[in-house]
Amino acid sequence: METEQKSIRALKCEQSVLSRADGSVMFSQGNTVVMASVYGPLEAKIQKELSDRMYVEVNYKPKIGMPGVAERGKEKLVKTTCNHIILTNLHPRTAVCITIQEMQDGGTLLSASINAVCLALLDSGLPLQCLVAAVTCLVDKKDKIVLDPCIRTVKEGYKAMFTFAFDSQKYNLILSHCEGQVPYTLFQEAMELCQKASHIIFDFYRQAVLRKFSKELL
Amino acid sequence: MATDHKTLQPLEFYKTFLDRKSRPDGRSLLEFRKVTVNAGSIGTADGSAIVKCGNTTVICGIKAEIAVPGMDEPAKGFIIPNVTLPPLCSSKIKSGPPGEAAQTATQFIAELVANNIILDLHTLCIHSSKWAWVLHCDLVCINLDGSLLDACVIALITALKNVTLPTVTYDEELDKLICDSDQKRPLEGIKQPVTSTFSLFENGILISDPTSEEEQLAAGLTSITVESTLVTHMYKPGGCTLDEKQVKKLIQQSELKAKEIVRLIEEVCLSSIAER
C-alpha cells in the first residue's frame, strides 16, 4: 500500500476581499475555490438568541441551483465545528453569520470550506479557542490512499473518501465525515496521514496572517 | 432538592452521576438501551418496520413504484429516504417546514444509500435505461429521546428486508412491462450497517446511546456506522475533540453493538417471513 501523493495541493488565499464584512477570504486549494465571509457579533433575532453564548449561523451557497438538503448537511458540519472553535461565551445574546460561497469545485469542497471559514474568522478578529484545519483523503479501488484528491480522481470512483478536521493545540479530531467502507486499519492510516497534512495547513495560516500584517504595517 | 438542583444546574447535576461512572437512568457509561424491532406491521406499505431504542421510536414505511432510470446511471434504481420529525415527537420540534435535525438525518441516510452501503442499486433495475424500481422510504419519528440516527438505520434495514416486490418482466418486442402481483419476491443483497451514537464530554468522558437530555448537555456528539468488520462512516460534526485512543475505543464499542443488532434483525425477519 503506497501513498501516491504525500502532500496536499497548493494553498492560496486573499484576506479582507469584501469591504463590508467583518472578516472575509477567497481561498483556493488546488482547483477548488471557495469564498467565506463572517459578520459578527451581530444582534440576534429573538428566536435565535441564546442567553449564555453567541449563536452561530452558517449558510452554504452552491454555485448553481438552490441550496438543498445536501447543503444543510454541510452547514451543520461547519456550524458545529465553529461552535467548538469560537469562544461563544464571550458574546452572549449575539449572533455570528458565516457564509460560504462555492466558486469552483475542484474536488474537496467540505475541507476547503472549513479552511476558508477558519481564515475568515482569523480575519474578523473574533476570539477563537484554537484553529481548525480540514484535510480530505480518498482510498481508491486498489486500496491506495490519495491525499487531497482532485476532481478527476474523485470521478474515477473510490472505495471511500474521508474528510477529517483537526485542532491546532493537540491535533485531535474535531470533525469527521466519511463516504464508503474500509477496514479499521485503513481508516486509522488515513486519519494519521490527514493529521500530518494538517500541519501544512496550520503553517499556511501563520504565513497568511504574517503576510497580512506586514502589508498593513508598511 | 434533587429536582431543584437538576433544573437550576443540569450539567452539575449530571456530572455527579458521571463521577460515579453511572447515569440517571441506571446505565453504565458505555451501555446501550434496549432495542425492540417489529417488522411488517403496516399492511398498506410494501415493507415496514417499527424500532424502539429505549424511548426513541421510529417507524419506517416503504412504497415502491416504477420509473425511468436517470440518464447518467441507466442501470441503477432509486432509494429515496425521507426522515420526518413531526412536532409530536419532542417539545423542541416546531410545526412547519423540516428543521435542521430532520434535514441532516435525511442527508445522512441519503449518503449511506448513495455509497452503496445499504443496497447495491443495480439490483433495483428492471431493464437498463428503460425501467427501474423506486423505493420511497419514509422514516417517521414518533418519540425523540436521543440517538435518532441509530433508530433510523435499524428501521430502514429491517423495512427493506421486509419488502416484497411483484415480479416484473420487460417484453422487448411489445415494449411493455408485465407485472405478476401474485409472485412476490423479497429484495436481495441488503447489507447490514449499524450506527452507534456517542456523546462526548470535555474531560475525556464518553457515553454511549445518549438520551436527548444527555445530548444537549454534551460538548460533542459522534455517530459511528460499522458493517461486519468494515468502518463505514464516522460522522462527527464538530464539537469536543477526540484523540486516536478514544476513536479506537468507540469503534470497538460500535462493533460489539453491531453484532447484537444484526442478530436481532435476522430473528425479526425470520419470524415475519414465517408469519407470511
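Residue numbers start from 1 in every chain, and the chains themselves are labelled A, B, ... in the order their sequence lines are given, proteins ahead of strands.
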Considering only heavy atoms and a distance below 4.5 Å, find which of Cys130(A), Pro183(A), Cys82(A) pairs most often with chain B. Pro183(A)
Checking Lys74(A) against chain B: side chain, backbone, both or neither under 4.5 Å from a heavy atom? neither
Considering only heavy atoms from C-beta outward, does the side chain of Glu244(B) approach that of Glu192(A) to under 4.5 Å? yes
Can you tell me if Asp105(A) has over 12 outside heavy atoms packed within less than 6.0 Å of its CG? yes
So how far is it from Gln181(A) CD to Leu112(B) CG, rounded to the nearest 0.5 Å? 9.0 Å
Below 4.5 Å from any heavy atom of chain B, which atoms of Glu75(A) appear? Answer side chain, backbone, both or neither. neither
Pick one of side chain, backbone, both or neither for Glu111(B), based on which atoms fall under 4.5 Å of a heavy atom in chain A. side chain
Do other residues, nucleotides or ligands put more than 12 heavy atoms under 6.0 Å from Glu213(B) CD? no
Holding to side chain to side chain donor-acceptor pair (under 3.5 Å), I want the full list of residues that pass it with Arg152(A), two or more places apart in sequence or in another chain. none
Which region of Tyr158(A), side chain (C-beta onward) or backbone (N, CA, C, O), has a non-hydrogen atom less than 4.5 Å from a non-hydrogen atom of chain B, or is it both or neither? side chain
Contact class of Asp167(A) relative to chain B, heavy atoms under 4.5 angstrom: side chain
Most contacts with chain B, counted as non-hydrogen pairs under 4.5 angstrom, among Asn83(A), Ile174(A), Leu77(A), Ile114(A): Ile174(A)
For atom CG of Leu8(B), is the number of surrounding heavy atoms from other residues, nucleotides or ligands below 6.0 Å larger than 12? yes
Where along residues 217-243 of chain B does a heavy atom come under 4.5 Å of chain A, listed by residue number? Glu227(B), Thr229(B), Leu230(B), Val231(B), Thr232(B), His233(B), Met234(B), Tyr235(B), Lys236(B), Pro237(B), Gly238(B), Gly239(B), Cys240(B), Thr241(B), Leu242(B), Asp243(B)
Part of Ala70(A) within contact of chain B (heavy atom distance under 4.5 Å): both
Listed by number, the residues in residues 81-96 of chain B that come under 4.5 Å of chain A (heavy atom to heavy atom) are none
Does Gln129(A) have more than 12 heavy atoms from other residues, nucleotides or ligands lying within 6.0 Å of its CD? yes
Looking at Tyr184(A), Phe166(A), Tyr171(A), which makes the most heavy-atom pairs under 4.5 Å with chain B? Tyr184(A)
Please state whether the side chain, the backbone, both or neither of Gln195(A) comes within less than 4.5 Å of a heavy atom of chain B. side chain
When you look at CD of Glu188(B), are more than 12 heavy atoms from neighbouring residues, nucleotides or ligands closer to it than 6.0 Å? no
Met191(A), part contacting chain B, at a heavy-atom distance under 4.5 Å: side chain
Check whether any side-chain heavy atom of Lys76(A) sits under 4.5 Å from a side-chain heavy atom of Gln107(B), and report yes or no. no
Look at Val132(A), Val78(A), Thr81(A) and state which one has the largest set of heavy-atom pairs under 4.5 Å with chain B. Thr81(A)
Take atom CD in Gln169(A); do more than 12 heavy atoms of anything else shown fall under 6.0 Å from it? yes
Holding to side-chain contact (heavy atoms from CB on, under 4.5 Å), I want the full list of residues that pass it with Glu73(B), two or more places apart in sequence or in another chain. Lys76(B)
